[in-house]
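What you are looking at is a predicted structure, and each value in this text was computed from that prediction instead of being measured. In what follows, chains carry the letters A, B, and so on, assigned in the order in which the sequence lines appear, proteins first and then strands, with residues in each chain numbered from 1.
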Number of protein chains: 2
Amino acid sequence: MTNGNARGLRHEMGRNFTYEILQRLGVDIVTGTYGVGNPFPTEAELCKQLGASRSVLREAVKMLTAKGLLKARPRQGTWIEPERNWNLLDPDVLYWLLERKFSPGLLLEFTQVRLAIEPLAAALAARHADAKAKEAITAALNRMKAAEAGDDDPLTSDIAFHVAILEASGNRFYAQLRGLIEAALRTSIRLTNRRKGVRLASVADHQRVADAIFASDPDAASAAMRHLMVEAMTLIEQAKETMEATGAEED
Amino acid sequence: MTNGNARGLRHEMGRNFTYEILQRLGVDIVTGTYGVGNPFPTEAELCKQLGASRSVLREAVKMLTAKGLLKARPRQGTWIEPERNWNLLDPDVLYWLLERKFSPGLLLEFTQVRLAIEPLAAALAARHADAKAKEAITAALNRMKAAEAGDDDPLTSDIAFHVAILEASGNRFYAQLRGLIEAALRTSIRLTNRRKGVRLASVADHQRVADAIFASDPDAASAAMRHLMVEAMTLIEQAKETMEATGAEED
DNA sequence: GCAGGTATTATATATGATAAATACAGGCCC
DNA sequence: GGGCCTGTATTTATCATATATAATACCTGC
């Protein structure tokens, strides 16, 4: 074992070495570590650099290929795909981008997705939600109330609320936003925390969504959810302008 | 080489053997080949069954893991994740599902996604589309007109039109629907082709969307696009009812 | 009955050898 | 000169095998 010492690096996080390499490469790729002056290395080269065996490295590269970040051909090497081919709707990819290469622009674009989907999801929930789904919404709302009093986490309870509605919609694609929204909300908190006066949408606004769903009123549910989304988007737009005015970088 | 004869199977399709195994396993998984009576085999077992080496098989399995279809642990084996964890928004996964395990229900749910996104995309396009994006829309529309006269392919020109608008929106997530819509439209053609009288949305309806975008009228663009989406959804709903009435299976 | 060690059996990792694909250079013909 | 063929070098793809690690079941001694 020529590089057994590298095994010492293998600690927290992903259960095994392959997943560590996956994360490492994923982050390096989306943050632009590789580019014109620093092309993506060959398999053998990367093995040396990362202290990984070829099995581990190749499997990580294949996973990144499956997510659209890389492509490989014999003799031509392995290269980073243009960003338009990345699977932005893959939770890992979105997480790497938002967490490690934060840009209000991307968050804004993602919030436009939420603006498109979530009001319709609320309307569908108002039509189709079964007892179990309604319970989940109530539970999440209660957590938000508890969080207001300091007895629960505001972030995870907010996530739980939106996820509960997406799942209540009965649309499997809507429910897929689960992981994406989690990634997005976790990073947008960083943004809104900067300015103290600013807060996330109130519990009352969320309550209105839930009430409309329980009243089986699709239009009201949709409108109430749209209100939440527009509010979130406004916050992000303001933060973006602030960041741009104070001279932060954008992608 | 104990199973060199298997190489003879390696022909069309994916450039290499790993991708063939990926497709094969992906399809087998989504079509329900593995289940209670037929658990997912061990690595060694699958190698034998498919005539693949461990490298090839492991890399394919890792790609499926990256798409949320599989998960593996030492001693516990490799198993199929519950469907709610599959990355439905991964083009490969959606393609396998729609192409090999067709269900009007899933197509309907996906069309709900289009119903949510595409009107907003058209509105954004009306606001932000640059000259190049508008050219692409015009080109696609011309292809649709040519297709009406039999001089182009109706399916690919229709896809090109919707993709052009998604890309004109400037939202990178919206543009991601590209691959998904292609998969969906290719399969929904099968559905609408069954009943002869039924046709896809007219060129005139598409023209209205383009006109509104060129006139920088977001609301009109959104409304015109929503009209297309509702039309498509109605078709699928009818087909679904027909299929259910004639006793076809659903997922 | 239970605590702790041991055997078992999956995947995970490491590594060497060989095959296939293709960019590139060099030589040939016209 | 320009286009075409061909050989070579380089990179990933594939195959094979050995070893490590992890999770579980089992077993043993008390």
Measure the CG-NZ distance between B/Leu94 and B/Lys67 for me, rounded to the nearest 0.5 Å. 11.5 Å

OP1 or OP2 of D/dT24 less than 4.0 angstrom from a side-chain nitrogen or oxygen of B/Gln76, does that happen here? yes

Would you say C/dA12 has OP1 or OP2 under 4.0 Å from some side-chain N or O of B/Arg58? yes

Nearest whole angstrom, please: distance from the C1' of D/dT14 to the OH of B/Tyr19. 14 Å

Between B/Arg73 and B/Thr78, is there a side-chain donor-acceptor contact under 3.5 Å, judged purely by atom types and distance? no

In whole Å, I'd like the distance from the CG atom of A/Leu50 to the P atom of C/dT13. 13 Å

From CE of A/Met63 over to P of C/dA12, roughly how many Å is that when rounded to an integer? 9 Å

Side chain of B/Pro74 only, heavy atoms from C-beta on: which candidate in C/dA20, C/dA10, C/dT13 is closest? C/dA10

Check: C/dT13 base within 3.5 Å donor-acceptor of B/Arg54 side chain: yes

Side chain of A/Glu43 - closest among D/dA23, D/dT12, D/dA16: D/dT12

Is it true that A/Trp96 and A/Gln23 share a donor-acceptor pair across their side chains at a distance under 3.5 Å? yes

Could you give the CD-to-P distance, from A/Glu59 to C/dT15, as a whole number of Å? 15 Å

With the side chain defined as heavy atoms from C-beta on, A/Val56 is closest, among C/dA14, D/dA13, D/dC15, to C/dA14

How close or far is atom P of D/dA23 from atom CH2 of B/Trp79, stated in whole angstroms? 10 Å

Would you mind telling me which of D/dT11, C/dT13, D/dT14 lies closest to the side-chain atoms of A/Arg75? D/dT11

Any side-chain N or O of A/Ser53 below 4.0 angstrom from OP1/OP2 of C/dA14? yes

Does a side-chain N-to-carboxylate-O contact under 4.0 Å join A/Asp28 and A/Arg24? yes

Return the 5'-most residue of the pair A/Arg73, A/Ser55 with respect to DNA chain C, ranking by each residue's nearest nucleotide. A/Ser55

Gap between atoms CZ and P, on B/Phe40 and C/dA10 respectively (whole Å): 14 Å

Contact class for B/Lys62 vs. all strands (heavy atom < 4.0 Å): base, sugar-phosphate, or nothing? sugar-phosphate

Rounded to whole Å, the CG-C1' distance (A/Leu57 to D/dA13) equals 14 Å

So what does A/Thr42 hit on the nucleic acid, given a heavy-atom distance under 4.0 Å: a base, only sugar-phosphate, or nothing? sugar-phosphate

What is the separation between atom CD1 on A/Ile21 and atom P on C/dT13, rounded to the nearest whole Å? 9 Å

Between A/Cys47 and A/Leu57, which heavy-atom pair has the shortest distance, and what is it? SG-CD2, 3.8 Å

